[in-house]
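One structure below.
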Number of protein chains: 2
Amino acid sequence: MTCNTAEINRQLRKSGYRVTPQRQLILEAVCQLGEHVTPETVYDHVHRIAPTLSRATVYRVLHFLTEQRILAMVLMAEGRLAYEMSGPEPHHHLVCRTCDSLLELPHSVLQSFLRAMETQYDFEIDVSHVSFFGHCADCRSSDGA
Amino acid sequence: MTCNTAEINRQLRKSGYRVTPQRQLILEAVCQLGEHVTPETVYDHVHRIAPTLSRATVYRVLHFLTEQRILAMVLMAEGRLAYEMSGPEPHHHLVCRTCDSLLELPHSVLQSFLRAMETQYDFEIDVSHVSFFGHCADCRSSDGA
DNA sequence: TTTCCTGTTGCAAAAATTTACAACAAGATA
DNA sequence: TATCTTGTTGTAAATTTTTGCAACAGGAAA
Ligand SMILES: [Mn+2]
Ligand SMILES: [Mn+2]
Ligand SMILES: [Zn+2]
Ligand SMILES: [Zn+2]
């Protein structure tokens, strides 16, 4: 995932927020660390670079960047939380509650459902990253034994 | 929500688990307290009745009863977690990230989507209670100002 | 009833997450 | 560049949630 810093910074300033070194570091970290990054992973990474950067700031900034739609919050198994860049091409998850496995869904499979929610309920679902929990084929067959 | 204790107890024993006073208390609590009950609310309630019942047990039992499909885990705004009885008639949520409001969806609106996931991905989504996050009509119009 | 096995609990400590508040610093303005 | 406003951060403490472990107790079997 490419992280268009210049554009993001411009957007933040335009909204009256500030571009701090902490925010830049944390955003870069999520960008580099990949798809489903936990707060602790981010902290470990940025803390190595900026030892005074606190855990509180990591949590606050992840939350803030999510509100700004720059990051997407990802619900993993067991209620664990992760983050990733909110790119132009979202995908979604089928998360198995038994084996923790992840099946990735292309955005297209949700399209018609989302449109229906907009039409029927006037509600715009945040499409950045939706997780569905349930049970995968493997776990269902071995469990039914 | 009626809480068929006898039937639930039978089911637990059949699976090799035990019916303890703690589990019974916690289940009753969720049952009585209503739809979206937080761990802390449950703890306050049961702790009044059984002062030695610990927070750890509340968390463990809520998790356990969810695994047994007796309770359903409900994702609320801001990543907060709640529980409720997993009844025969599930419903789902449209959660507004701006104003925290909840729109309830009848189960039927998900039916065809769920069937598609089963057919295409051989994945059985846990239908007990699904939450979608996004932005409601009110917040979208006032925000676009 | 008594015995026995093993699933569960309470406790205390650890880990994760949030919060209050004073010091700080981004960046707009002059 | 110096100044000023106000959004942000670090610290420490408060909350919330998880975990290890020894003592306990459900309930099957005798
Ligand atoms: Mn993903
Ligand atoms: Mn509900
Ligand atoms: Zn599985
Ligand atoms: Zn709203």
Side-chain angles (χ1 to χ4, degrees), chain A residues 5-6 8-27 29 36-68 70-71 73-83 100, chain B residues 5-6 8-27 29 36-68 70-71 73-83 100:
Chain A
T5 307
I8 288 174
N9 292 351
R10 202 186 53 72
Q11 178 194 328
L12 288 182
R13 291 203 184 93
K14 201 185 80 182
S15 307
Y17 300 111
R18 292 179 188 167
V19 175
T20 65
Q22 290 91 339
R23 285 179 176 168
Q24 289 178 296
L25 265 176
I26 290 168
L27 185 55
H36 308 131
V37 193
T38 63
E40 195 58 21
T41 308
V42 173
Y43 176 74
D44 287 346
H45 186 92
V46 298
H47 187 257
R48 207 161 293 147
I49 305 172
T52 63
L53 207 167
S54 65
R55 273 197 179 73
T57 297
V58 170
Y59 282 100
R60 278 186 297 222
V61 169
L62 289 174
H63 187 269
F64 167 78
L65 293 175
T66 302
E67 266 185 336
Q68 303 307 311
I70 294 164
L71 297 184
M73 210 175 92
V74 185
L75 292 164
M76 312 288 286
E78 299 291 319
R80 283 188 301 270
L81 218 54
Y83 294 86
D100 268 34
Chain B
T5 308
I8 289 174
N9 292 351
R10 202 184 54 71
Q11 178 194 327
L12 288 181
R13 291 202 184 93
K14 202 184 78 181
S15 308
Y17 300 111
R18 293 179 188 169
V19 175
T20 66
Q22 290 91 339
R23 285 180 176 170
Q24 289 178 296
L25 265 176
I26 290 167
L27 185 54
H36 307 132
V37 193
T38 64
E40 196 59 20
T41 308
V42 172
Y43 176 73
D44 287 346
H45 186 93
V46 299
H47 186 257
R48 207 161 292 147
I49 305 173
T52 63
L53 206 167
S54 66
R55 272 196 179 75
T57 297
V58 170
Y59 282 99
R60 278 185 296 222
V61 168
L62 289 174
H63 187 268
F64 167 78
L65 292 175
T66 302
E67 267 186 336
Q68 303 307 309
I70 294 164
L71 297 183
M73 211 174 92
V74 185
L75 293 165
M76 312 288 287
E78 299 292 318
R80 283 188 301 271
L81 217 56
Y83 295 85
D100 268 34

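Residue numbers begin at 1 in each chain, while the letters A, B, ... track the order of the sequences.
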Return yes if some donor-acceptor pair links the side-chain N/O of A/Thr41 with the main-chain N/O of A/Val37 below 3.5 Å, else return no.
-> no
Are the ring centres of B/Phe64 and B/Tyr17 closer than 6.0 Å?
-> yes
Grab the CD-P distance between B/Gln24 and D/dG26 for me, whole Å please.
-> 10 Å
Mind running a 4.0 Å heavy-atom check of residues 41-53 of chain B against DNA chain D and sending the residues that fall below it, in number order?
-> none
Would you say the base of D/dG7 and the side-chain of A/Arg23 have a donor-acceptor pair closer than 3.5 Å?
-> no
Which of these nucleotides, D/dG27, C/dG10, D/dT8, is closest to any side-chain atom of B/Arg13?
-> D/dG27
Considering only heavy side-chain atoms of A/Pro39, the closest of D/dT8, D/dG26, C/dT17 is C/dT17
From the list D/dG26, D/dT9, C/dA12, which nucleotide is the closest neighbour of the side chain of B/Ala56?
-> C/dA12
Roughly, in whole Å, what's the span from CD1 in A/Ile26 to P in D/dT8?
-> 13 Å
Among the nucleotides C/dC11, C/dT6, D/dG10, which one has an atom lying closest to any side-chain atom of B/Arg18?
-> C/dT6
Rounded distance (Å) that lies between atom C1' of D/dA25 and atom OH of B/Tyr17 = 18 Å
How long is the line joining CE of A/Met73 and C1' of C/dT17, in whole Å?
-> 13 Å
Looking at D/dT16, D/dT8, C/dG27, which one has an atom nearest to any side-chain atom of B/Tyr59?
-> D/dT16
Would B/Arg55 and B/Asp44 pass as an ion pair if we require N to O under 4.0 Å?
-> no
Round to a whole Å and report the spacing from CZ of A/Arg55 to C1' of D/dT16.
-> 16 Å
Among C/dA20, C/dG10, C/dT17, the one nearest any side-chain atom of A/Arg60 is C/dA20
To the nearest Å, give me how far apart NE2 (A/His63) and C1' (C/dT19) are.
-> 13 Å
Rounded to the nearest angstrom, tell me the gap between atom CG in A/Leu65 and atom P in D/dT8.
-> 11 Å
